[in-house]
Amino acid sequence: MSAWEDAGARLAAGTATLLSLWGEPARAHVALLDGAEIVHLALDCADGTFPSLGRVHPPALRLERAARDLYGLAPVGLPDARPWLDHGETPTAYPFLPVEGERLHQIPVGPVHAGIIEPGHFRFTCDGETVVRLEERLGYVHRGVEALMRGADILSAARLAGRISGDSTVAYAYGFAQAVERALGLSPPPRAVWLRALMAELERLANHLGDVGAICNDASFGLMQAHCAILRERVLRASAVAFSHRLMMDCVVPGGTACDLSAIGADALRALIAELHRRFPPLVTLYDATASLQDRTVGTGVVRPDLARRFAAGGYVGRASGRDFDARRTPGYAPYDALALTVPVLSEGDVNARVWVRIREIEASLALVDGILARLPPGPVRAEPPPGTGEGMALVEGFRGDIFVWLRVADGCIAHCHVRDPSWFQWPLLEAAIEGNIVADFPLCNKSFNCSYAGHDL
Amino acid sequence: MRRTLLQGLLHRPLTEAAPRAEETAAVELAHALNTAAQRKLGRSLSIREIDAGSCNGCELEIHALNNAFYDLERFGLRFVASPRHADVLLVTGPVTQNMREALERTVRATPDPKWVVAVGACARDGGVFARSPACLGGVASVMPVDLVIHGCPPTPIDLLRGLLTLFAPGAAGRAQSS
Ligand code: SF4
């Protein structure tokens with residue numbers, strides 16, 4: 001058995017975890033997590049074909065469809081012949097999977113949705129009010145990120161990486177920077193290592209606060225939304241004082257960070273932490289004590305632990321369904337090895353569990369920001385990337401889950417770069433989670449996942 | 001819950017003072033706006049947001065307009081769920097090939113008179129995605145744009161200033177109808 005097929009067998013048996021599968025012209029790649037180690041396999045496919053892993057391990061299906069669309073590689077034995085990211089000339093001609101049965105009706109939703117959210121299409125098949133199947137169709141925000149990366153100089157590529165999914169701009173720039181540094185054998189200065197983690201935790205705080213409010217809002221409890229939105233805004237304002245950009249775009253760069261934290265910035269962050277410590281706990285009590293809200297979130301949109309494990313679901317989706325994984329711990333990276341990191345894990349797998357994981361992570365991030373501010377080492381924040389050639393990988397924990405980056409640098413330019421958003425393995429679980437729920441609970445389930453369309457569509 | 005509500009009443013408001021529409025470099029009026037449309041639409045506008053390939057950064061800041069600090073609705077501006085109810089289309093993103101048709105259909109579904117506002121560097125000219133064959137490179141490549149709000153992403157204050165120029169008397173001139 002070739003190493004490639006062996007990888008498939010191990011994925012199917014559950015002895016290794018799929019991190020990503022991707023293509024480049026005439027070559028296929030797969031990355032696995034084996035214990036705490038990332039294993040990368042590349043397969044030359046001069047004839048343009050490779051043995052499908054999706055055939056034995058369904059989480060690879062959409063990744064293989066994407067590799068076929070983007071690089072013309074043919075996964076041999078792939079059970080799904082439909083395109084994925086490439087919508088072709090007649091986007092409306094996509095064949096959805098057939099659903100048969102009496103009394104069923106379909107509801108097509110999107111790509112333009114009622115709220116201010118990203119575009120995607122959901123095809124619901126329902127029996128009365130109950131959803132019997134949801135099929136997603138994504139790719140509407142495909143911008144050709146991997147193609148734009150090819151040949152870009154390192155700094156332009158870093159800017160692009162920070163615009164793959166705006167809500168995770170720090171996490172993407174962080175993963176991209178780590179991969180470039182590994183490819184070129186560069187170590188960023190210690191102060192930059194800590195500043196990056198500081199930004200990553202601020203990003204996690206802002207997003208989780210926004211999500212907790214938005215989930216409650218989708219259960220028609222606007223009060224939480226109003227208060228959480230205020231706290232989120234406070235995080236963004238403090239981030240702007242500290243790092244000159246509300247979302248901290250372009251602040252993490254290969255070699256370090258683009259800006260340093262001043263005394264004024266540090267004070268703004270300390271004031272923010274104090275404010276959140278004061279204002280957030282009453283909101284947690286409010287969530288916990290409002291029976292009508294719990295009525296909507298408890299038992300809704302359940303993801304079974306075995307599915308979360310099989311799909312290697314990252315972030316709150318995995319951790320609310322018993323998957324005890326966090327890239328900050330495994331494989332782990334500095335400075336988190338020097339900080340006390342708590343990773344909350346629940347097993348119910350419903351909307352409520354995904355809310356609680358976020359609440360606990362907000363508390364954990366507050367402690368981390370505190371710890372980082374107290375121990376921030378002095379010194380420079382940036383080292384110039386040396387010219388050179390090499391390959392590098394990284395796995396970093398964004399607010400949504402683990403982001404994987406693989407790239408090859410050649411003479412100061414990116415020769416190829418692949419990034420895999422956590423959403424790749426979460427979107428399919430949303431299809432499973434909504435089954436048997438009523439249509440009216442879909443926005444609530446969807447918000448509790450808060451998958452990225454842009455990060456997935458590339 | 002009673003406590004949270006009470007405290008909310010005792011709090012002083014967080015809302016920012018209104019920015020002045022004119023004092024800005026973040027906004028670019030593509031051409032003067034139609035006086036007749038301005039008169040018809042008055043000082044109350046319904047906005048439909050369309051993501052045409054954004055990284056979602058612009059959406060985050062558009063969302064922020066609804067929070068207590070910016071409180072968009074005090075200006076008579078509000079987001080609506082359907083293009084059929086909209087006066088203003090707020091478009092983000094470099095317009096991907098895959099979103100082109102959905103964008104055009106949404107614009108066709110919006111009754112006249114209407115204004116198209118391009119939000120962010122991507123919607124302006126494609127931004128970092130301008131070179132990509134998967135993108136058309138900005139909203140103006142598909143339809144006439146009335147107003148551009150700069151930034152990557154524009155801050156909520158930039159967005160407010162931009163939207164308020166739609167009411168500014170100096171903005172009158174040519175119309176857009178399809
Ligand atoms: S302008 Fe910037 S924030 Fe807005 S969609 Fe483009 S890259 Fe994202």
Side-chain angles (χ1 to χ4, degrees), chain A residues 85-87 90-92 110-119 121 139-145 147-148 156 159-160 162-169 206-207 210 214 223-227 229-230 232-234 236-237 240 246-247 249-250 282-283 285-286 289-290 452-455 457-458, chain B residues 1 3-5 7-8 11 14 47-70 79-83 90 92-103 105-106 109 120-122 126-135 152-153 155-156:
Chain A
L85 297 182
D86 183 358
H87 287 196
T90 40
T92 41
V112 178
H113 299 287
I116 304 170
I117 58 169
E118 301 180 75
H121 182 91
Y140 290 92
V141 276
H142 174 63
R143 292 145 295 165
V145 169
L148 285 169
S156 318
R159 282 176 59 81
L160 190 58
R163 284 161 180 77
I164 291 173
S165 183
D167 51 15
S168 304
T169 178
N207 282 304
L223 183 63
M224 267 304 257
Q225 159 88 332
H227 283 280
I230 292 172
R232 175 185 157 84
E233 178 70 20
R234 294 224 185 269
L236 300 190
R237 288 179 172 207
R246 285 162 55 90
L247 305 178
M249 262 180 184
D250 306 324
L283 296 180
T285 314
L286 180 64
T290 306
S452 174
Y453 299 68
D457 293 353
L458 289 173
Chain B
M1 181 170 354
R3 247 189 82 178
T4 317
L5 289 171
Q7 279 172 347
H11 230 261
L14 296 167
I47 307 171
R48 172 64 247 195
E49 199 271 346
I50 310 166
D51 175 340
S54 139
C55 78
N56 78 30
C58 282
E59 275 61 32
L60 293 176
E61 296 296 54
I62 293 173
H63 254 292
L65 290 175
N66 280 325
N67 75 29
F69 292 89
Y70 306 109
F79 290 104
V80 291
S82 165
L90 209 58
T92 63
V95 189
T96 59
Q97 296 282 2
N98 293 352
M99 263 310 282
R100 178 191 192 139
E101 188 177 341
L103 174 62
R105 283 202 206 180
T106 310
C122 291
V128 291
F129 306 107
R131 290 192 298 116
S132 173
C135 301
C152 182
T155 63

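Here is the naming used below: chain letters follow the sequence lines, and residue numbers restart at 1 for every chain.
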Rounded distance (nearest 0.5 Å) linking atom CD of B:Glu49 with atom CD1 of A:Ile117: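 Here the interatomic distance stands at 10.0 Å.
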Kindly compute the distance separating CZ (B:Phe129) from NE2 (A:His142), expressed to the nearest 0.5 Å.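 B:Phe129 CZ to A:His142 NE2: 11.0 Å, rounded to 0.5 Å.
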Which region of [X], side chain (C-beta onward) or backbone (N, CA, C, O), has a non-hydrogen atom less than 4.5 Å from a non-hydrogen atom of chain B, or is it both or neither?
| X | value |
| --- | --- |
| A:Leu223 | side chain |
| A:Leu148 | both |
| A:Leu236 | side chain |
| A:Thr290 | side chain |
| A:Ile164 | backbone |

Side-chain donor or acceptor of [X] paired with backbone N/O of [Y] under 3.5 Å:
| X | Y | answer |
| --- | --- | --- |
| B:Ser54 | B:Gly93 | no |
| B:Asp51 | B:Thr92 | no |
| A:Asp457 | A:Tyr140 | yes |
| B:Gln97 | B:Pro133 | yes |
| A:Arg234 | A:Ala229 | no |
| B:Ser132 | A:Arg143 | yes |

By ring pair (Phe, Tyr, Trp, His ring centres under 6.0 Å) - contacts of A:His227 (at least two apart):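 Counting only residues at least two positions away or on another chain, A:His227 forms no ring pair (Phe, Tyr, Trp, His ring centres under 6.0 Å).
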Of the backbone (N, CA, C, O) and the side chain (C-beta and beyond), which part of [X] lies under 4.5 Å from a heavy atom of chain A, both, or neither?
| X | value |
| --- | --- |
| B:Phe79 | side chain |
| B:Arg3 | neither |
| B:Arg105 | side chain |
| B:Leu5 | side chain |
| B:Val80 | backbone |
| B:Cys152 | both |

Hey, which of [options] has the most heavy atom pairs under 4.5 Å with chain A?
| options | value |
| --- | --- |
| B:Ile62, B:Leu14, B:Val95 | B:Leu14 |
| B:Ala64, B:Ala81, B:Gly127, B:Gly57 | B:Ala81 |
| B:Asn67, B:Ile50, B:Asn56 | B:Asn56 |

Residues that A:Arg246 engages under salt bridge (charged side-chain N to carboxylate O under 4.0 Å, His left out), provided they are two or more places apart: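 Counting only residues at least two positions away or on another chain, A:Arg246 forms a salt bridge (charged side-chain N to carboxylate O under 4.0 Å, His left out) with A:Glu233, B:Glu61.
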I'd like to verify something: which residue of A:Asp167, A:Val112, A:Leu160 has the highest number of heavy-atom pairs under 4.5 Å with chain B?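 Most heavy-atom pairs under 4.5 Å with chain B: A:Asp167.
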Name the option with the most non-hydrogen atom pairs under 4.5 Å to chain B; the candidates are A:Gly110, A:Ala114, A:Ala454.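 If we count pairs closer than 4.5 Å to chain B, A:Ala114 comes out on top.
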